[in-house]
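See below for the structure under consideration.
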Amino acid sequence: MGDPEAQRVIEQFSRRVQAGERIASNEMIRRYGSVYRQLQKDTTAILKIKDQRQLKRWEVMRLQRMRDLESNFLRLYGGFATNATGSVVEAQQIAIRLAEESAERATWAGLPNGINKQNMANIGTTWNRIPSDAFTAFVGISGDGAPLGRLLAELGPKAAKQITEEIGDGIALGYNSKKIGRNVRNKAGMPLTRALTIARTETNRAYREASRLSYAVNSGEEGLVRGYRRLSARSENTCIACLAEDGTFHETNELMPTHPNCRCTLVPETVTYRDLGLDVDMPPPPENARDWFGRQSQARQEKILGAERLGALNSGKLPWENMMRRTTNKTWGSGLSIVPVSELRRTGTI
């Protein structure tokens with residue numbers, strides 16, 4: 001089978017998607033600079049007034065400058081959220097175009113050795129493309145990106161409340177202006193950090209979903225694709241749940257469960273020699289992440305799983321599938337999460 005070549009194609013295109021997401025993220029960071037600068041200016045002014053007049057916490061919280069700080073932050077953040085939504089949707093649209101191309105290339109590359117595009121055309125099987133409007137269901141989760149926009153917009157009011165509380169708490173605790181300013185900047189950074197996570201997560205989601213839909217319209221009795229396999233990044237930073245699910249087979253109508261910052265992709269499972277009426281033995285299945293993990297040094301294994309999980313895995317008490325669980329969200333769909341070590345301890349697994 002051509003599985004290694006199909007995997008190589010998928011990984012190549014996945015890197016291009018991640019490069020596009022980094023461009024969008026860099027633009028978001030640049031635009032957020034104006035929010036930071038105004039916040040720093042307003043915070044400095046408030047703390048200067050507090051020091052000059054020796055105001056108490058409640059007096060500072062009643063200052064017009066405090067109300068100005070919050071309104072300025074929300075006004076500037078509103079513009080950032082709008083631009084961030086546009087950046088994410090644009091990155092998703094680029095990912096979709098790349099997914100269409102990578103799905104087709106990976107499928108042809110994944111055919112059994114000796115079987116090519118021309119052979120398949122001779123028996124009436126070609127690659128089917130799906131209409132572009134079929135993708136709008138998951139760009140920003142809806143065609144207009146509304147749920148994505150709402151999610152980003154909600155971060156501003158939460159951060160504004162935390163920022164004003166940080167100033168008041170800092171004064172009450174007797175912190176100096178430098179420490180209060182630093183804490184305020186940390187709270188203000190929360191929306192940007194969350195927005196960058198959303199950008200990465202939703203761009204990768206668009207790539208996966210476009211790939212899955214492409215495989216779906218090329219499945220069926222006379223199609224090229226029988227399903228897809230999950231492919232994780234297989235590195236020290238890869239989520240334990242993704243390693244556990246790596247290599248699992250899914251029907252093309254099944255959405256792949258993910259999590260924030262998930263980098264997993266979909267490799268097509270193509271027709272076999274037997275499907276084509278040829279009496280040829282099937283090759284062994286490709287290596288999965290658990291096989292890959294088993295080839296790593298003990299130090300690297302421990303870095304990925306932690307000492308307690310690794311010990312329980314090696315003793316047979318904790319199989320891979322018990323390290324993760326599936327979750328469901330009404331808006332964002334099915335997901336994966338890692339079972340915490342504290343829960344594994346509580347249940348006596350480790």
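The first residue of the sequence shown is numbered 1, and numbering continues consecutively from there.
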As a test of understanding, state which of Asp42, Thr44, Thr43 forms a side-chain contact (heavy atoms from CB on, under 4.5 Å) with Gln40. Thr44
Given Met323, which partner from the list Leu313, Val339, Val341 fulfils the side-chain contact (heavy atoms from CB on, under 4.5 Å) test? Leu313
Would the number of heavy atoms belonging to other residues, nucleotides or ligands and lying under 6.0 Å from [atom1] of [X] be above 12?
| X | atom1 | value |
| --- | --- | --- |
| Gln162 | CD | yes |
| Glu236 | CD | yes |
| Lys50 | NZ | yes |

Salt-bridge test for [X] and [Y]: reply yes if a basic N is under 4.0 Å from a carboxylate O, no otherwise.
| X | Y | answer |
| --- | --- | --- |
| Glu11 | Arg8 | no |
| Lys187 | Glu165 | no |
| Arg150 | Glu154 | no |

Could you tell me which non-hydrogen atom of [X] sits nearest to which non-hydrogen atom of [Y], and how far apart they are?
| X | Y | value |
| --- | --- | --- |
| Met256 | Cys264 | CE-CB, 3.7 Å |
| Ala160 | Leu74 | CB-CD2, 3.9 Å |
| Gly189 | Tyr36 | CA-OH, 3.0 Å |
| Gly223 | Thr125 | C-CG2, 4.3 Å |
| Asn119 | Gly114 | OD1-O, 3.2 Å |
| Asn261 | Thr201 | N-OG1, 2.8 Å |

Rounded to the nearest 0.5 Å, what separation is found between the [atom1] atom of [X] and the [atom2] atom of [Y]?
| X | Y | atom1 | atom2 | value |
| --- | --- | --- | --- | --- |
| Met120 | Leu276 | CE | CG | 5.0 Å |
| Leu55 | Ile171 | CG | CD1 | 8.0 Å |
| Thr203 | Ile94 | OG1 | CD1 | 9.0 Å |
| Ile123 | Ile115 | CD1 | CD1 | 8.0 Å |

Are [X] and [Y] side-chain neighbours, meaning at least one heavy-atom pair lies under 4.5 Å?
| X | Y | answer |
| --- | --- | --- |
| Cys239 | Leu336 | no |
| Phe293 | Arg234 | no |
| Leu196 | Ile29 | yes |
| Ser235 | Arg263 | yes |
| Leu76 | Tyr32 | no |
| Glu101 | Arg105 | yes |
| Thr265 | Asn204 | no |
| Arg212 | Glu254 | no |

Could you give all pairs that pass the salt bridge (charged side-chain N to carboxylate O under 4.0 Å, His left out) test and reach residues 109-130, with sequence neighbours left out?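 Of all non-adjacent pairs touching residues 109-130, those that pass salt bridge (charged side-chain N to carboxylate O under 4.0 Å, His left out) are Glu104-Arg129.
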Only counting residues at least two apart or in another chain, list the ones meeting side-chain contact (heavy atoms from CB on, under 4.5 Å) with Glu222. none
Going by side-chain contact (heavy atoms from CB on, under 4.5 Å), name the residues that satisfy it together with Thr248, two or more places apart in sequence or in a different chain.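 Here the qualifying residues are Arg230, Glu245, His250.
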Run Tyr207 and Ser102 through side-chain hydrogen bond (donor to acceptor under 3.5 Å, both in side chains) and show every step you take. CA-CA 10 Å; Tyr207 178 69; Ser102 68; 3.1 Å; yes
Pairwise side chain to side chain donor-acceptor pair (under 3.5 Å) hits with a residue in residues 335-350, at least two apart: Glu308-Arg345, Arg325-Glu343, Thr347-Thr349
Got a sec, which pairs hit side chain to side chain donor-acceptor pair (under 3.5 Å) with one end in residues 12-30, sequence neighbours left out?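 For residues 12-30, and leaving out neighbouring residues, the side chain to side chain donor-acceptor pair (under 3.5 Å) pairs sorted by first residue read Ser14-Gln18, Glu21-Ser25, Glu27-Arg30, Glu27-Arg31.
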Do [X] side-chain atoms and [Y] backbone N/O form a donor-acceptor pair below 3.5 Å?
| X | Y | result |
| --- | --- | --- |
| Arg274 | Asp279 | no |
| Glu302 | Ala299 | no |
| Asn218 | Val225 | no |
| Arg326 | Pro257 | no |
| Arg226 | Gly220 | yes |

Please tell me whether [X] and [Y] are part of a single hydrophobic cluster in this structure, the criterion being side-chain heavy atoms less than 4.5 Å apart.
| X | Y | value |
| --- | --- | --- |
| Leu231 | Trp320 | no |
| Leu173 | Trp58 | no |
| Leu278 | Leu111 | yes |
| Leu243 | Tyr228 | no |
| Trp292 | Leu266 | no |

Residues in salt bridge (Lys or Arg N to Asp or Glu O under 4.0 Å) contact with Lys317, at least two apart in sequence or another chain: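 Not a single residue meets the salt bridge (Lys or Arg N to Asp or Glu O under 4.0 Å) criterion with Lys317.
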Applying salt bridge (Lys or Arg N to Asp or Glu O under 4.0 Å), name anything that partners Arg97, two or more places apart in sequence or on another chain. none
Residues in side-chain hydrogen bond (donor to acceptor under 3.5 Å, both in side chains) with [X], at least two apart?
| X | result |
| --- | --- |
| Asn122 | Gln118 |
| Thr258 | none |
| Thr197 | none |
| Thr164 | none |

Could you give me the CA-CA distance, side-chain angles and deciding distance for Arg229 and Asp246, then say whether salt bridge (charged side-chain N to carboxylate O under 4.0 Å, His left out) is met? CA-CA 8 Å; Arg229 286 181 290 104; Asp246 181 280; over 6 Å; no
Which atom pairs, one a donor and one an acceptor, fall under 3.5 Å between side chains of residues 63-70 and the rest of the protein, sequence neighbours left out?
{"from": "Gln64", "atom 1": "OE1", "to": "Arg67", "atom 2": "NE", "distance (Å)": "3.3"}
{"from": "Gln64", "atom 1": "OE1", "to": "Arg67", "atom 2": "NH2", "distance (Å)": "3.0"}
{"from": "Gln64", "atom 1": "NE2", "to": "Asp68", "atom 2": "OD1", "distance (Å)": "3.0"}
{"from": "Arg67", "atom 1": "NH1", "to": "Arg62", "atom 2": "O", "distance (Å)": "3.3"}

Judged by modelled atom types alone, do Ser211 and Ser214 share a side-chain donor-acceptor pair under 3.5 Å? no
Would Glu209 and Leu255 count as a side chain to side chain contact (heavy atoms under 4.5 Å, CB included) if you check the C-alpha gap in whole Å, the side-chain angles of each, and the deciding distance to 0.1 Å? CA-CA 8 Å; Glu209 271 300 278; Leu255 274 67; 3.7 Å; yes
